[in-house]
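Heads up, the thing below is written out as structure tokens.
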Amino acid sequence: MDNREVYDVAIVGAGPAGLTAAIYCGRAGLKTLVMERMVPGGQAATTDKIENYPGFPEGISGPELMRKMEAQARKFGVPVEMTEVTGIEKNGDMFRLTLPDGEVRSRSVIIATGSRERPLGVPGEKEYRGRGVSYCATCDGAFYRGKEVVVVGGGDSAIVEAIFLTRFASKVSVIHRRDQLRAAAALRERAMANPKIQFVWNTVVTGIYGTDKVEYVSLKNRVTGEESRLDTSGVFVYAGLVPNSEFVIGKLELTQDGYILTDEFLQTTLPGVFAAGDVRKKPARQVATAVGDGALAAMSAENFLALQVRGQK
Ligand code: NAP
């Protein structure tokens, strides 16, 4: 990456929103750069199978879909660089994005940094991460062949991954703090009908214990107050998401939980900076909605740049 370049659009994050924005910007002939701190693909790339993304009636694996999106962005001439953006400043009409080894200058910015798993925050969770505690069933599920595992949470992620884990595990206990799942009806029904899945309702995990690896979790029933212990080899945590927006705190308006506020064109409170996908405040977090955001943010950035050029004439 050449730090002397000035880009039309700098895209932060290479998940479905960022890569779609890249496809649109590249195709529109804008000088575009995508920066990603981890591997391209975002959380979608850690999903075994995506069944509700249009165009793939048999479903498509998350990694494969994301490889295709990245290839399409590169086809339109957009580089995808591995680097972390740690700050953003506006100087006149130019944005400066801080990187560990320099900066990138751009005339507009699309933030598509997505979100990450929210930890449970219970004793043992940090200590046993990678030794029985996991946030990615697709990555780690196969290590639990023939073993009993626990999934914490009742949303779409928890239920999708609980179903996935039944391929390997002999038993999957879904521990949910209420007595109703938040997950979509189709997923709920599939999980309820799966003989390998058992539900532990109204219950929270209060600690994760073992020796060198996880051996059991302590539980507390929120209705009766009863405390118990459940032997398990693995704990898969799906307790919701935290937006990756720390690097714009104080620069853009965020919700209390850190999601970026945008208008209907996905412009943030800083003109020229747009936000797309899971990192922004929105009612649905799906690959399809992230892709829609990416396309709209790119078109909005293109309009913003065109208006700037007209203003200069
Ligand atoms: P989510 O919808 O926020 O669900 C988080 C779950 O964790 C909830 O059931 C919540 O309980 C529970 N929870 C939160 N904090 C907890 C704690 N401290 N201890 C125990 N349980 C806790 O998160 P998600 O399932 O990761 O989904 C995130 C977004 O991605 C959603 O918009 C979802 O629709 C989307 N998604 C979609 C699909 C799909 O196939 N369409 C797949 C994955 C994700 P309560 O229910 O009591 O709040």
Side-chain angles (χ1 to χ4, degrees), residues 15-17 41-54 56 58-63 65-66 112-126 133-139 141 150-165 172-192 197 199-208 217-223 230 232 235-245 255-259 276-293:
Q43 285 202 318
T46 65
T47 305
D48 173 58
K49 194 171 184 189
I50 298 175
E51 290 183 328
N52 53 3
Y53 188 70
F56 299 95
E58 310 305 327
I60 181 165
S61 92
L65 179 63
M66 298 321 299
T113 42
S115 53
R116 59 182 184 277
E117 310 79 13
R118 181 191 292 142
L120 285 176
V122 299
E125 184 179 16
K126 266 193 201 149
V133 173
S134 171
Y135 302 82
C136 179
T138 314
C139 320
V150 152
V151 169
V152 187
D156 285 337
S157 301
I159 303 310
V160 164
E161 304 307 336
I163 295 167
F164 172 73
L165 283 165
V172 178
S173 301
V174 176
I175 299 174
H176 184 35
R177 64 183 179 181
R178 294 185 294 130
D179 63 357
Q180 273 181 339
L181 295 175
R182 180 181 291 275
L187 293 171
R188 287 199 308 260
E189 282 159 22
R190 214 180 304 162
M192 301 276 185
I197 297 180
F199 290 90
V200 183
W201 301 112
N202 297 315
T203 298
V204 289
V205 171
T206 50
I208 301 170
V217 288
S218 56
L219 304 176
K220 183 168 185 177
N221 185 301
R222 294 173 77 216
V223 176
L230 180 65
T232 187
V235 181
F236 288 86
V237 179
Y238 288 103
L241 303 170
V242 183
N244 294 318
S245 60
T255 65
Q256 266 198 334
D257 7 340
Y259 290 99
D278 279 8
V279 73
R280 79 175 183 97
K281 182 179 184 293
K282 60 190 297 207
R285 296 197 159 76
Q286 305 282 315
V287 178
T289 60
V291 162
D293 271 14

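Order of listing sets the numbers, starting from 1, for every ligand and every atom in it. These numbers come from the heavy atoms of this one structure, side chains and all, not from hydrogens, waters or symmetry mates.
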Distance only, no hydrogens: is a donor on one side chain within 3.5 Å (strictly under) of an acceptor on the other, for [X] and [Y]?
X: Ser218; Y: Thr206; result: yes
X: Lys282; Y: Thr289; result: yes
X: Arg178; Y: Asn202; result: no

Who's the nearest protein heavy-atom neighbour of [atom], and how far?
atom: atom 27 (O) of ligand 1; answer: Ser157 OG, 3.5 Å
atom: atom 47 (O) of ligand 1; answer: Arg178 NE, 2.7 Å
atom: atom 30 (O) of ligand 1; answer: Arg285 O, 3.3 Å
atom: atom 19 (N) of ligand 1; answer: Leu120 CD2, 3.6 Å
atom: atom 7 (O) of ligand 1; answer: Ala239 CA, 3.3 Å
atom: atom 9 (O) of ligand 1; answer: Gly154 N, 3.0 Å

**Report entry** Close approach, Asn52 and ligand 1, non-hydrogen under 4.0 angstrom
**Finding:**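 Right, Asn52 reaches ligand 1.
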
Query raised in the report: Does even one non-hydrogen atom of His176 get within less than 4.0 Å of ligand 1?
Result: yes

Does only the side chain of [X] get under 4.0 Å from ligand 1, or the backbone, or both, or neither? Count heavy atoms.
X: Leu181; value: neither
X: Arg118; value: side chain
X: Glu51; value: neither
X: Arg182; value: side chain

Report task. Report the distance from atom CD of Glu161 to atom OG of Ser134, rounding to the nearest 0.5 Å. Result ->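 Here the interatomic distance stands at 9.0 Å.
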
Determine whether [X] and [Y] make a side-chain contact, defined as any pair of heavy atoms from C-beta on separated by less than 4.5 Å.
X: Leu65; Y: Phe56; result: yes
X: Gln286; Y: Asp156; result: yes
X: Val237; Y: Glu125; result: yes

Query raised in the report: Taking the six-membered ring of Phe199, is NZ or CZ of Arg177 closer than 6.0 Å to its centre and within 45° of its axis?
Result: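 No, Arg177 does not sit over the ring of Phe199.
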
Between [options], which one has a non-hydrogen atom sitting closest to [atom]?
atom: atom 42 (C) of ligand 1; options: Leu241, Val152, Asp156; result: Asp156
atom: atom 16 (C) of ligand 1; options: Gln286, Gln180, Glu117, Arg177; result: Arg177
atom: atom 5 (C) of ligand 1; options: Gly240, Ala158, Pro283, Ala288; result: Gly240

Query raised in the report: Would you call Glu51 and Arg190 a salt bridge, using N to O less than 4.0 angstrom?
Result: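 Between Arg190 and Glu51 there is a salt bridge, with a charged N closer than 4.0 Å to a carboxylate O.
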
Report summary line: On a heavy-atom basis, the closest approach of Val174 and Gly153 is CG1-O, 3.4 Å

